[in-house]
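Lettering follows sequence order; numbering is per chain, from 1.
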2 protein chains.
Amino acid sequence: MSAEGEELAGWARMLADGTRATVCLALLDGRAWTATELAKLAKVSRPTISEHLNLLVGGGLLTEVRQGRHRYVKLAGPDTAELIEGLAALAPRRTEVANSLSAVSKRDAFARARTCYDHLAGKLGVALADAMTERGLIDWSDGIALTPEGQAWLENLGVKVEVRRGRPAVRSCLDVTERRPHLAGAVGAALCSHALQQGWVSHIPGGRALKVNGAVQAFGLSSGV
Amino acid sequence: MSAEGEELAGWARMLADGTRATVCLALLDGRAWTATELAKLAKVSRPTISEHLNLLVGGGLLTEVRQGRHRYVKLAGPDTAELIEGLAALAPRRTEVANSLSAVSKRDAFARARTCYDHLAGKLGVALADAMTERGLIDWSDGIALTPEGQAWLENLGVKVEVRRGRPAVRSCLDVTERRPHLAGAVGAALCSHALQQGWVSHIPGGRALKVNGAVQAFGLSSGV
DNA sequence: CGGACGATTCGGCGGTCGCCTAACTGACGC
DNA sequence: GCGTCAGTTAGGCGACCGCCGAATCGTCCG
């Protein structure tokens, strides 16, 4: 049992509990949650969630902001989000059975459009990536890359991409419901926040699902969704 | 505690033990190991390693081949290798103190050149990536991509890149010792196996370290290492 | 001030998990 | 056939871990 192994195991251990994993998946929406919200979501007591959050924050997977009597936690950054996505994508495909009307509509909304940490996913996200590919804005021939046309399109749209060291401009992310790639990375994040800002999509309370108001059409791309 | 959370936790749990993590890190060399070799490496008994391997194979992280009285295991594929790399790269930087002469030379060899699953890493890997960048063979402006010059260079060198669905041609991988990216993906793997085949580098028994015989010069790139 | 509320600390219970030794199975080779 | 060697099964021990209820701390607000 090597020192490196012990370190790796330490990181994995943070996600190796059902409650903590549930918390991290919820946090994939990119927002900050309070401890009580997470306790309710994960169906455990407040003391229990408190300990889990201590562990996750202490381990560097989450960061926290204390405001008055509230404790807000969120994922530490894009890299940790990608890690969780990566692990979740590897997991065997779940074949969940929706057993009520509300569950069905909830699942459908989730499949139609949602956020994936800080970018767009679901049918919407995949359709957007497809439309961009068709228009020659992104190029998949060697990995994935933004073309000069893509850069011009972004500028024209008024989307400001926040370039941060160590984060690729474009990255493909396997869509959990569609099983096909959608657009992540700095450009994916910029497009998502732009769409939210412009009101093209909006959060449906209580989850990662999004309400769609035009969306792909609003981006000036012809493909329907 | 959601069903998705339980699934994610299940995967993480496989790496959440020091012994299993050590095994997976060793398997990052891309080769197949026997159970007894791994038991010795991880400093546990054979029955113990046997159970761990059952768990890892059953979970789909490893695959096994039975030959006579031997059980060979290796990582299931590039995606699982990338996952482990990703987690390991996130781990806090270790500041290991080498406390013997042999440990020092071992560490130095490891830092100089080694394999990272199926591609080249260490000073050599980073230098190769740098040289390729300088020569315009790969382009980093948007993520990472192989340029037309790069494709021509590979053909000229006689390197056959095995294209497999779902695996990017080029991928950057953060070097653990250098803290700078080196080249992974299908091209990275092809270059590594080519170099081994041509005898430009060779395995030093007992680890992932490589003996260098020319290397970057052999690739026809001017930059020294 | 005093009640309400979010969050934390403490103590303890119960289940899981990693490890070992001892004994067994099955393949190899003289 | 008979040691030898790789790997497995069985049983049991001890540590760790996730969980909770009860009590406490600190902030907010009427």
Side-chain angles (χ1 to χ4, degrees), chain A residues 1-27 31-59 61-74, chain B residues 1-27 31-59 61-74:
Chain A
M1 178 153 38
S2 63
E4 297 96 339
E6 214 41 71
E7 264 179 42
L8 173 56
W11 276 84
R13 197 138 36 211
M14 290 198 275
L15 293 172
D17 171 75
T19 301
R20 286 196 296 269
T22 301
V23 166
C24 289
L25 286 174
L27 258 35
R31 287 182 290 183
W33 293 54
T34 66
T36 303
E37 284 171 341
L38 291 170
K40 196 175 296 179
L41 173 85
K43 297 192 175 64
V44 293
S45 70
R46 278 188 292 255
T48 300
I49 212 73
S50 181
E51 278 173 33
H52 284 309
L53 296 183
N54 283 343
L55 198 149
L56 291 169
V57 171
L61 203 63
L62 266 46
T63 56
E64 67 177 27
V65 178
R66 306 248 177 179
Q67 257 176 47
R69 56 184 168 183
H70 294 280
R71 175 193 207 177
Y72 292 97
V73 293
K74 61 187 177 79
Chain B
M1 178 150 44
S2 64
E4 297 98 338
E6 212 45 68
E7 263 179 42
L8 173 56
W11 277 84
R13 197 138 34 212
M14 290 199 272
L15 292 172
D17 170 74
T19 300
R20 286 195 296 269
T22 301
V23 165
C24 290
L25 287 174
L27 258 34
R31 288 182 289 184
W33 293 54
T34 66
T36 302
E37 283 170 342
L38 291 170
K40 198 175 297 182
L41 174 85
K43 297 190 176 67
V44 292
S45 70
R46 279 189 293 254
T48 301
I49 213 73
S50 180
E51 278 174 32
H52 284 309
L53 294 183
N54 284 342
L55 198 150
L56 290 169
V57 171
L61 204 63
L62 266 46
T63 56
E64 68 177 26
V65 178
R66 306 249 178 180
Q67 257 176 46
R69 55 183 169 184
H70 293 280
R71 177 192 206 178
Y72 292 97
V73 292
K74 61 187 176 80

N/O (side chain, B/Ser50) to phosphate O (OP1/OP2, D/dT8) under 4.0 Å: yes

A/Arg69 side chain near D/dC25 phosphate (N/O to OP1/OP2, under 4.0 Å): no

Contact under 4.0 Å: A/His52 side-chain N or O vs D/dC19 OP1/OP2: yes

A/Arg46 vs C/dC5: side-chain N/O to OP1/OP2 distance below 4.0 Å: no

Side-chain N or O of A/Thr48 closer than 4.0 Å to phosphate OP1/OP2 of D/dC20: yes

Protein-nucleotide distance (A/Glu64, atom CD; C/dT8, atom P), rounded to Å: 8 Å

Separation of atom CG in A/Asp17 from atom C1' in D/dC20, rounded to whole Å: 15 Å

Whole-Å gap separating P (C/dC20) and NZ (B/Lys43): 12 Å

Side chains of A/Leu53 and A/Arg71 in contact at under 4.5 Å (non-hydrogen atoms): yes

Most 5' of A/Gly68 and A/Ala16 on DNA chain D, judged by nearest nucleotide: A/Ala16

Nearest-angstrom distance from the residue atom CG of A/Asn54 to C1' of D/dC17: 15 Å

Distance in angstrom units between B/His70 NE2 and D/dT4 P, rounded: 17 Å

Touch class at under 4.0 angstrom, heavy-atom based, for A/Arg13 against every strand present: nothing

Given A/Val73, A/Val44, A/Thr22, the one that forms side chain to side chain contact (heavy atoms under 4.5 Å, CB included) with A/Leu38: A/Val73

Beyond-backbone contact of B/Tyr72 with B/Lys74, side-chain heavy atoms, under 4.5 angstrom: no

pair A/Met14-A/Cys24: side-chain heavy atoms closer than 4.5 Å: no

Distance below 4.0 Å between A/Thr19 side-chain N/O and D/dC19 OP1 or OP2: yes

Length of the NZ-P vector between A/Lys40 and C/dA7, whole Å: 11 Å

Sugar-phosphate, base or nothing in reach of B/Ser45, heavy atoms under 4.0 Å: base

Check: B/Leu15 main-chain N/O paired with B/Arg20 side-chain donor or acceptor under 3.5 Å: no

Under-4.0 Å side-chain N/O to phosphate OP1/OP2 contact, A/Arg66 with C/dG6: no

Rounded distance (Å) that lies between atom P of D/dG11 and atom CD of B/Glu51: 13 Å

Between C1' of D/dT8 and CG of B/Leu55, the distance in whole Å: 16 Å

